[in-house]
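One structure coming up, written as C-alpha cells, with questions to follow.
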There are 2 protein chains.
Amino acid sequence: MSTMMTDSETTEARGAPLPSVRRLPLYLNVVRALRDSGREMVSCTHIAEELQADPTQVRKDLAITGITGKPKVGYDAVELIEAIEVFLGWNNISDAFLAGVGNLGTALLGYRRFENLGMNIVAAFDSNQTKVGRTVEGRKILPLSRMTNLASRMHIHIGVLAVPASAAQTVADQMVEGGILAIWNFTTARLNVPSNVIVERADFSQSLAALTSRLKRTLKS
Amino acid sequence: MSTMMTDSETTEARGAPLPSVRRLPLYLNVVRALRDSGREMVSCTHIAEELQADPTQVRKDLAITGITGKPKVGYDAVELIEAIEVFLGWNNISDAFLAGVGNLGTALLGYRRFENLGMNIVAAFDSNQTKVGRTVEGRKILPLSRMTNLASRMHIHIGVLAVPASAAQTVADQMVEGGILAIWNFTTARLNVPSNVIVERADFSQSLAALTSRLKRTLKS
DNA sequence: TAGATTGTTAATCGATTAACAATC
DNA sequence: TAGATTGTTAATCGATTAACAATC
C-alpha cells in the first residue's frame, strides 16, 4: 500500500501542502482586486509579479484547487476565485462562535473582512457577568455557560477562542463538548483536544518573533 | 566563495531557519511557566512533551540561540529563557508606533502580553480627527501627520500597521520616511518598501485558510 | 556505574525551483 | 505563425528526523 500509492492518492491522504494552502488567500486577494478592476483573465506571471513571488510556485499552488488554465492566456478570474473559495471552504459562509469578549474578542467581532474569508461570528460568549447582555458590534453577549448547548443545537463547527490563557483549556473542552470541530486559538495556551478536532494557532508571538529576530540582524549590520 | 562556505558562515549570512525562529516563542512560553513553578533545569524531552513536538527538533531549535546544556540534566531554565530572549531581541523592550486605532488597533493597544514579547507601543496615530486627542488604553491618539517626524526624533524602529488596506501603502511610506525599519503589517495590502525594511505579515486570512481547509477535509470524511 | 540527555553528523522527507514539452 | 503560458516531470534545496558518540 505504501509503494504503490499514486501521487493523487497521497495528496488525498494528507491533503495539499500547508504552505501552499496558506498562500491561497494572498492569490485570492490579488485576483479579486483584478476582477474588480475589470480584468477577465489572469496569469500566474501576473499574480506572481504582484506578490513578488515565483510564477512556478503560484502555478503549483493554484493547481491544488483543481483549476485549469489556458496556455498563453492564463485563468479565468471568476473561475479562479471560485476554485480557491471552494477549495478553502469559503464559498459558503460558516457560522462561528466567539468565546471571550475582551479587547481582542471585540476586535474580532468587529472585523468586517471575515465575510470575505467565509466566516461569520454569529454569537459571542463571556463568563463576566458585567459583559453578558451587552451588545457589542451588533451581537448580544451571552453567558459562557450557554455556549456548549447552543453550539450543538446550532451545529456550529468553528470556535474562536479569545479568552485568557488560564481559561483556554476549560473553554476549549466546552467547545469540543458542543461539537465544535475546529478551534481558532488566539491564546498562548496549548490545547489538549481529541485527535479529530482541529486547532489552529493564531497567537501573535510567532509572527513577532520573526519580525524582531530579523530586525536584530538589521540593527547589528 | 560559494563552495568554501562553512556551516556557520552560511548561518551567519542567511540567519537561522525561519521555522525554528517561529517556534522559539512556544518554547519560551513553556520554559517561563516551568521556571515560575520552581523548576531549575529543563530538558528538550520535557519541552517537547509539553508541546507534543519532537525532542530532536526542540534541541536543534534551541541550538540557534547558542545555549549549551548539560547531558543528563538539560538546560538551566533561567539561562535558557535569557538565551531565547536575547536571540529574539526581547531582552530589551523595543518601543513601537501604532498606526490606525480602529477595532484591531485598539485591541493591539490593550494587548498586555506585548511586554513579554519585547515590545511596547508607545504612541498611536490615526488620521480620523474625531479620534485624535482621545485617550485609548492610556495612550493619547496623535494625528497621523505627526508620525513621521516623531518616529525619527524618537528613533522608533517598529511600526504596527493597522489602518484600512487602502491607506496601507501611504502610511507604510510615512513609516519608512520616519526611519522605521520593521513594519508589522496587519492589513491585507502588500507593501512596497526599500529592501532594507522588514515587513512581517500578520493578517488573519492565512491562518484561517489553514483552519477551514482542514475543516473541510474533516467534514467530507 | 548506568542511563538519560546533549550535540552533531547522516538520512530522509517534503517543498521549492528549474526545465521543457504541449498548446492556445 | 511566434511567443507566452500552462501543466508536469526532474533537480535542487532546506528542514525534519534518525542515529550515535560524548558525557554528566
Side-chain angles (χ1 to χ4, degrees), chain A residues 2-3 5-24 26-27 31 34 39-77 79-80 83 206 210, chain B residues 2-3 5-24 26-27 31 34 39-77 79-80 83 206 210:
Chain A
S2 62
T3 48
M5 218 181 254
T6 68
D7 221 46
S8 69
E9 278 170 334
T10 57
T11 301
E12 194 65 26
R14 88 176 140 245
L18 202 54
S20 297
V21 173
R22 288 183 181 275
R23 283 189 293 265
L24 290 179
L26 308 182
Y27 306 147
V31 180
L34 289 169
R39 188 171 258 269
E40 279 192 21
M41 304 297 287
V42 291
S43 72
C44 292
T45 323
H46 193 178
I47 296 172
E49 229 162 67
E50 195 73 33
L51 293 166
Q52 293 167 279
D54 176 30
T56 305
Q57 182 172 69
V58 175
R59 196 169 308 121
K60 259 225 162 124
D61 288 345
L62 296 182
I64 69 177
T65 68
I67 186 120
T68 59
K70 287 199 185 62
K72 162 104 171 132
V73 279
Y75 305 87
D76 182 276
E79 261 180 42
L80 180 51
Q206 300 194 266
Chain B
S2 61
T3 49
M5 218 181 255
T6 68
D7 220 46
S8 69
E9 278 171 334
T10 56
T11 301
E12 196 63 29
R14 88 176 140 245
L18 203 55
S20 297
V21 172
R22 289 182 180 275
R23 282 188 294 264
L24 289 179
L26 308 181
Y27 305 147
V31 180
L34 290 169
R39 188 172 257 271
E40 279 193 20
M41 304 298 286
V42 290
S43 73
C44 292
T45 322
H46 191 178
I47 297 172
E49 230 162 68
E50 195 72 33
L51 293 166
Q52 293 167 282
D54 176 30
T56 305
Q57 183 173 67
V58 175
R59 197 169 307 122
K60 259 223 163 128
D61 288 344
L62 295 182
I64 69 177
T65 69
I67 187 120
T68 58
K70 286 197 186 64
K72 164 104 170 129
V73 276
Y75 306 86
D76 182 277
E79 260 181 43
L80 180 51
Q206 300 194 264

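Labels below follow one simple rule: chain letters A, B, ... track the order of the sequence lines, proteins then strands, and each chain is numbered from 1. Small disclaimer: the values here were computed from a predicted structure and weren't measured.
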Ranking B:Lys72 and A:Val73 by the position along DNA chain C of their nearest nucleotide, the one closer to 5' is B:Lys72

Looking only at heavy atoms, the pair that brings A:Thr68 and A:Glu79 closest together is O-OE1, 4.5 Å

- Any A:Arg59 side-chain N or O less than 4.0 Å from OP1/OP2 of C:dA18: no

_Distance below 4.0 Å between B:Arg22 side-chain N/O and D:dA15 OP1 or OP2_ = no

With the side chain defined as heavy atoms from C-beta on, B:Gln57 is closest, among C:dT16, D:dT17, C:dC24, to D:dT17

Open item on the list: So A:Thr56, base contact, sugar-phosphate only, or nothing? Heavy-atom distance under 4.0 Å.
Closed with: base

Quick one: closest heavy-atom pair of B:Arg23 and B:Asp61, and the distance?
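Heavy atoms only, the tightest pair is NE-OD2, 2.6 Å.
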
Exercise. Which heavy atom in A:Ser20 sits nearest to a heavy atom in A:Ile64, and how many Å separate them?
Worked result: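 Of all heavy-atom pairs spanning A:Ser20 and A:Ile64, the closest is CB-CD1, 3.9 Å.
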
As its Watson-Crick or G-U partner within any shown strand, both distances under 3.5 Å, C:dA15 has D:dT12

*Phosphate OP1/OP2 of C:dG7: any B:Tyr75 side-chain N/O under 4.0 Å*: yes

- Given that both distances must come in under 3.5 Å, which nucleotide forms a Watson-Crick or G-U wobble pair with C:dT5?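 Its partner is D:dA22 (Watson-Crick or G-U wobble, both distances under 3.5 Å).
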
- Side-chain-base donor-acceptor pair under 3.5 Å for B:Lys60 and C:dT9: yes

